[in-house]
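Everything on this sheet refers to the single structure shown next.
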Amino acid sequence: MSESVLIEASAVSKLYPRGREQVRALDGVNLRIGAGEFVAVVGPSGSGKSTLLNVIGAMDRPSEGRLMLVGHDLTQLDDRGLTRLRASTIGFVFQEFFLQPTLTALENVLLPTVFCPRKDARRRAAELLERVGLNGRATHLPHELSGGEMQRVAIARALVNDPRLVLADEPTGNLDSQNAQAVYALLDDLHRDGRTLIVVTHSEELAVRASRRIHLRDGRVQDDRRAA
């Protein structure tokens, strides 16, 4: 696996039981994603987009095939190894934010450092809140923030461990157009910083910002093209 290739999926499938049958949420996916790419994963609901993101993010294991992430074969790592790799390498952004309701914005940003401690964690968390435009909201609880502000906290949280890879699942799905624009701008900034981004989205406005678009249907890659 070349150092410039961050992710390599070879015949990756994910099967789920449904009664006496098995459903193939992913069906023989082959992909190579290079360091620094901005990839939009698109397709109809039920096409396997979120499943692909979960498998790449080491949150779920492939049923078949091989998946390499930064030189590690995810199918060979135990649960502890997967947890360490997630904490040190991957930042996650979800549609539902998943902020802890009893923690402040700053404390929510700091959460990933529990699994990957760093001496400068508090300073870095504060700097990230400032970067996403929330330096005045650090002590606020989630219920005191707007949806757009909560998503910006979630993006800061995803970056606190300085991950090489950021995975986002419908990051603007619960936002109005103004707040969505702010998130688009942050994702553009991350791409310019050289991070690898993989974003699942139904938003054409977000997908066109990506340097590459992967279209899934029925768990298979139907189309894979780079921007002109």
Side-chain angles (χ1 to χ4, degrees), residues 1-95 98 112 115-116 158 161 163-171 191 194-202 206-207 210-227:
M1 184 173 177
S2 167
E3 288 185 6
S4 63
V5 177
L6 197 70
I7 299 157
E8 184 167 7
S10 303
V12 167
S13 296
K14 182 62 185 179
L15 286 68
Y16 293 104
R18 180 184 294 171
R20 295 182 179 180
E21 300 179 348
Q22 287 189 317
V23 175
R24 286 183 174 267
L26 296 176
D27 190 5
V29 171
N30 295 295
L31 282 177
R32 287 165 63 94
I33 296 175
E37 286 199 76
F38 183 175
V39 179
V41 181
V42 302
S45 297
S47 60
K49 302 185 301 297
S50 293
T51 302
L52 178 62
L53 210 66
N54 288 340
V55 169
I56 289 174
M59 298 178 69
D60 207 350
R61 295 178 181 272
S63 304
E64 300 170 352
R66 186 182 188 212
L67 183 61
M68 301 293 293
L69 174 63
V70 293
H72 298 274
D73 186 345
L74 299 190
T75 61
Q76 299 300 313
L77 293 178
D78 60 17
D79 289 343
R80 182 174 295 181
L82 291 175
T83 298
R84 283 198 300 265
L85 187 62
R86 283 195 302 268
S88 63
T89 307
I90 307 170
F92 296 92
V93 181
F94 302 98
Q95 179 177 354
F98 293 125
F115 304 100
C116 193
N161 282 334
R164 295 180 62 183
L165 173 65
V166 175
L167 303 178
D169 194 353
E170 297 288 0
H191 184 218
R195 292 185 202 276
T196 306
L197 303 180
I198 305 177
V199 180
V200 164
T201 185
H202 282 101
L206 176 52
S211 56
R212 179 179 174 188
R213 186 184 303 213
I214 295 170
H215 191 112
L216 292 186
R217 181 177 291 275
D218 298 328
R220 299 176 184 145
V221 176
Q222 186 178 54
D223 189 43
D224 182 354
R225 65 181 65 186
R226 286 174 171 80

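These numbers come from the heavy atoms of this one structure, side chains and all, not from hydrogens, waters or symmetry mates.
- Closest of all the heavy-atom pairs between P163 and A158 is CG-O, 3.2 Å.
- When side chains are defined from C-beta on, L165 counts as touching I56, because their heavy atoms get closer than 4.5 Å.
- We find the CG-CG distance between L52 and D60 to be 11.5 Å, quoted to the nearest 0.5 Å.
- Listed here is the closest heavy atom pair of G43 and H215: CA-NE2, 3.9 Å.
- Every pair tested for ring-ring contact (aromatic ring centres under 6.0 Å, His included) that includes a residue from residues 8-33 fails, sequence neighbours excluded, so the list is empty.
- Remark: E37 does not engage R32 in a salt bridge, criterion side-chain N to carboxylate O under 4.0 Å.
- Screening I198, L53, T201 for a side chain to side chain contact (heavy atoms under 4.5 Å, CB included) involving D169 leaves a single residue, L53.
- Between L67 and I7, the closest side-chain pair of non-hydrogen atoms falls below 4.5 Å.
- With sequence neighbours excluded, the residues satisfying side chain to side chain contact (heavy atoms under 4.5 Å, CB included) with Q95 are E170, N174.
- With hydrogens and angles disregarded, no donor-acceptor distance shorter than 3.5 Å links the side chain of K49 to the backbone of H202.
- In this structure, the side chain to side chain contact (heavy atoms under 4.5 Å, CB included) partners of Q22, at least two apart in sequence or on a different chain, are L15.
- By the 4.5 Å heavy-atom criterion applied to side chains, I90 and L167 are counted as neighbours.
- Every pair passing side-chain hydrogen bond (donor to acceptor under 3.5 Å, both in side chains) that includes a residue from residues 73-84 is listed here, sequence neighbours excluded: R61-D79, R66-D73, D73-T75, T83-R86.
- One finds the CG atom of L82 at 5.0 Å from the CG atom of L77 (value rounded to the nearest 0.5 Å).
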Applying side-chain contact (heavy atoms from CB on, under 4.5 Å) to D223 and I214, what does each step give before you reach the verdict? CA-CA 6 Å; D223 189 43; I214 295 170; over 6 Å; no
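- Remark: the S47 side chain and the R217 side chain contain no N/O donor-acceptor pair separated by less than 3.5 Å.
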Trace of the side-chain contact (heavy atoms from CB on, under 4.5 Å) decision for D27 with V12: CA-CA 7 Å; D27 190 5; V12 167; over 6 Å; no
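- With contacts defined as side-chain heavy-atom distances shorter than 4.5 Å, the pair L216/V42 does not qualify.
- To the nearest 0.5 Å, atom CG of residue D224 and atom CZ of residue R212 are 4.0 Å apart.
- A heavy-atom distance below 4.5 Å is not found between the side chains of P62 and K14.
- Heavy-atom contacts from other residues, nucleotides or ligands closer than 6.0 Å to CZ of R220 number 12 or fewer.
- With contacts defined as side-chain heavy-atom distances shorter than 4.5 Å, the pair V5/I33 does not qualify.
- Note on ring orientation: taking the six-membered ring where Trp is involved, the planes of F94 and F98 are perpendicular (angle over 60°, cut-offs 30° and 60°).
- Between R24 and S13, the closest heavy-atom pair is NH1-OG, 3.2 Å.
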Hey, mind stepping through F38 and R195 against side-chain contact (heavy atoms from CB on, under 4.5 Å) and telling me if it holds? CA-CA 8 Å; F38 183 175; R195 292 185 202 276; over 6 Å; no
Is there a side-chain hydrogen bond (donor to acceptor under 3.5 Å, both in side chains) between R164 and T89 once you walk through the steps? CA-CA 5 Å; R164 295 180 62 183; T89 307; over 6 Å; no
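- Nearest approach of N161 to P112, heavy atoms of both residues: ND2-O, 3.1 Å.
- Here the shortest heavy-atom pairing between A87 and F115 reads CB-CB, 3.8 Å.
- The shortest heavy-atom contact between A40 and A207 is CB-CA, 3.9 Å.
- Contacts of H191 classified as side chain to side chain donor-acceptor pair (under 3.5 Å), with partners at least two apart in sequence or in another chain: none.
- For A168, the side chain to side chain contact (heavy atoms under 4.5 Å, CB included) test picks out V93, P171, V199, with sequence neighbours left out.
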